[in-house]
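Letters A, B, ... mirror the listed sequences (proteins, then strands); counts begin at 1.
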2 protein chains.
Amino acid sequence: MSKQIASSRSPSFLKCGQCSLGSLCLPVGLDGQDMVDLENIVDSSSPFGNEERVYNAGQTFDRIYAVKSGMFKTVIIDSLGNDHITGFHLPGELFGLDAIYSKKYMSSAVSLGTSSLCAIEYKELESLSHKLPSLQHQLLNLMSKEVQQSQSLNVDLTAEQKLAGFLIALAARYKQRGYSETRFHLVMPRRDIANHLNMAPETVSRLFKRFVNDGLLTINRTDLTIVDMTALKEMGGCASVC
Amino acid sequence: MSKQIASSRSPSFLKCGQCSLGSLCLPVGLDGQDMVDLENIVDSSSPFGNEERVYNAGQTFDRIYAVKSGMFKTVIIDSLGNDHITGFHLPGELFGLDAIYSKKYMSSAVSLGTSSLCAIEYKELESLSHKLPSLQHQLLNLMSKEVQQSQSLNVDLTAEQKLAGFLIALAARYKQRGYSETRFHLVMPRRDIANHLNMAPETVSRLFKRFVNDGLLTINRTDLTIVDMTALKEMGGCASVC
DNA sequence: GTAGACGCTTGATATGAGTCAAGACCCCAA
DNA sequence: TTGGGGTCTTGACTCATATCAAGCGTCTAC
């Protein structure tokens, strides 16, 4: 990828210690010199435009990424050429972790809208983790969370339950980041939501209509408001986040 | 759990350095004193009987487990009471890793047939990982593998593709452990296979019949022989293991 | 042996969600 | 302002797989 990566030393770079996402991201538990050590292995990228690629499946793994702003999706492609969105990544979340074992990216990472991220050389991160117990701890925690989340996506639910669960989880993640949990923008197109949840875009459309009719939410293109959170949670069966 | 756990110092315990699973399990990359250090935090359990529980969902997380012999399944239960088998674990594989983040087990672990395992206090494992770069490396690798695998289970496939993929992956894992990759025992009941793959037991039954009719495999209760691996792989679309 | 239980198989039917096809809406560009 | 391309919605129809309901093995216990 020819994307320009600014060094952490460049003036435009907001260091981890100053970043508002510190409480969600890798720096959890770090301060003083430890924080500086981490900052020194983090590089900040210039923004990505809509649908711009960070890396492609099959590329040699070297870095993991943390979302700084906007949203990224990770997409795997099976041998038949069908693609599947494994996740949408919000600010403070990491992606690329699935490549550690295989040493090459198993998925492609793509920007949704205008988004930016931080890149961390994995080799350096692993070394630094030996020195900094808190960093190792947080890295393992974040990977564990990832395991748990992708496992809970596997449960057999109706389309209705899956979509409700998806919205609840998204709301919770926005809330965690200090945004409204009842009103937010659906950055990704319906097609992407459908793909991620293994359903047809038409089904997503019909379900949204039903949710609106049932007074669970209002929606205007990408502007979504959750009207009855309780009912939505009940419907989703607390599938993802309870 | 009242299960007896023998200390690694007890005579019956086969130490990691002598264990044939060392090349798959945590000890990868360790030797000398490092191996001894690991052995000292590993406890070996007495065998579990069929359907016996190792831990229950909701219990406080303290240990991760490595399968020594037999097979274990991990089961999550959603708020509606439906259970879902997140995985079957073969010798050398770890489970309980999804609990690191949440600090309590998200799933229950259950023995299939007579099986045994090793228990590792997670706190001690994390501490030891600071000291031993190779151990940290392997732990992160195994977690990454787990992420990748559960993600690839999420792709939208037909029942036929899912079952074929499941058998291929199982064959590959047996091969890795020095067993035949074409002939093995299906330790788990049809019901469990169906549950894991999100289908009805009847569908599994019908598909097995079709696979036999099409000359892909022969099956006698739990005794399965893959006759045409190539065709099976093609059918599975290399979904899990290529 | 025989009875009971359990798991597996098989067939008939139902249904949720996919597919196909058309139309509506929205946004941008000229 | 108008035209064109994309995304989203809606309706009609199809199909894969679930569900329901027997029936069949096979194993165990007495």
**Student:** In this structure, how many angstroms lie between the C1' atom of C:dG16 and the CG atom of A:L163, rounded?
**Tutor:** 15 Å

**Student:** Rounded to the nearest angstrom, tell me the gap between atom CG in B:N220 and atom P in C:dC8.
**Tutor:** 13 Å

**Student:** Take atom CG of A:L197 and atom C1' of C:dG16, then tell me their distance rounded to the nearest Å.
**Tutor:** 16 Å

**Student:** Both A:R221 and A:R210 contact DNA chain C. Which one's nearest nucleotide lies toward the 5' end?
**Tutor:** A:R210

**Student:** Side chains of B:D78 and A:L157: does their closest heavy-atom pair fall under 4.5 Å?
**Tutor:** yes

**Student:** Under 6.0 Å between the ring centres of B:H89 and B:F72?
**Tutor:** no

**Student:** Would you kindly give the CZ-to-C1' distance between B:F208 and C:dC8, to the nearest whole Å?
**Tutor:** 11 Å

**Student:** Rounded to the nearest angstrom, tell me the gap between atom CG in B:N82 and atom P in D:dA18.
**Tutor:** 14 Å

**Student:** Contact between B:R173 and B:L90 at the side-chain level, heavy atoms closer than 4.5 Å - yes or no?
**Tutor:** yes

**Student:** Quick check against the 3.5 Å criterion: does A:R190 have a side-chain atom that pairs as donor or acceptor with the backbone of A:S205?
**Tutor:** no

**Student:** Within the modelled atom types, does a donor on one side and an acceptor on the other bring the side chain of B:R206 and the base of D:dT19 under 3.5 Å apart?
**Tutor:** yes

**Student:** In whole angstroms, how far is the P atom of C:dA17 from the CG atom of B:N198?
**Tutor:** 13 Å

**Student:** Rounded to the nearest Å, what distance is computed from the CD atom of residue B:E160 to the P atom of nucleotide D:dC15?
**Tutor:** 17 Å

**Student:** What's the closest nucleotide to the A:T158 side chain, out of D:dT17, C:dA17, D:dC8?
**Tutor:** C:dA17

**Student:** Between P on D:dG11 and CG on A:L207, what's the gap in Å once rounded to a whole number?
**Tutor:** 15 Å

**Student:** Select one nucleotide: of C:dC8, C:dC26, D:dT10, the one nearest the side-chain heavy atoms of A:K209.
**Tutor:** D:dT10

**Student:** Test side chain to side chain donor-acceptor pair (under 3.5 Å) on A:S115 and A:S69 and set out the steps.
**Tutor:** CA-CA 5 Å; A:S115 309; A:S69 67; 5.9 Å; no

**Student:** Taking the side chain of A:A200 as its heavy atoms from C-beta onward, which of C:dA17, C:dG18, C:dC26 lies nearest to it?
**Tutor:** C:dG18

**Student:** Of all the nucleotides listed (D:dT17, C:dA17, D:dC27), which has the minimum atom distance to the side chain of B:T203?
**Tutor:** D:dT17

**Student:** When we call it a touch if two heavy atoms are under 4.0 Å apart, what does B:D156 touch: a base, just sugar-phosphate, or nothing?
**Tutor:** nothing

**Student:** Considering only D:dC8, D:dA18, C:dT19, which nucleotide approaches the side chain of A:E202 most closely?
**Tutor:** C:dT19

**Student:** From D:dT9, C:dG7, C:dA17, pick the nucleotide closest to the side chain of A:R190?
**Tutor:** D:dT9

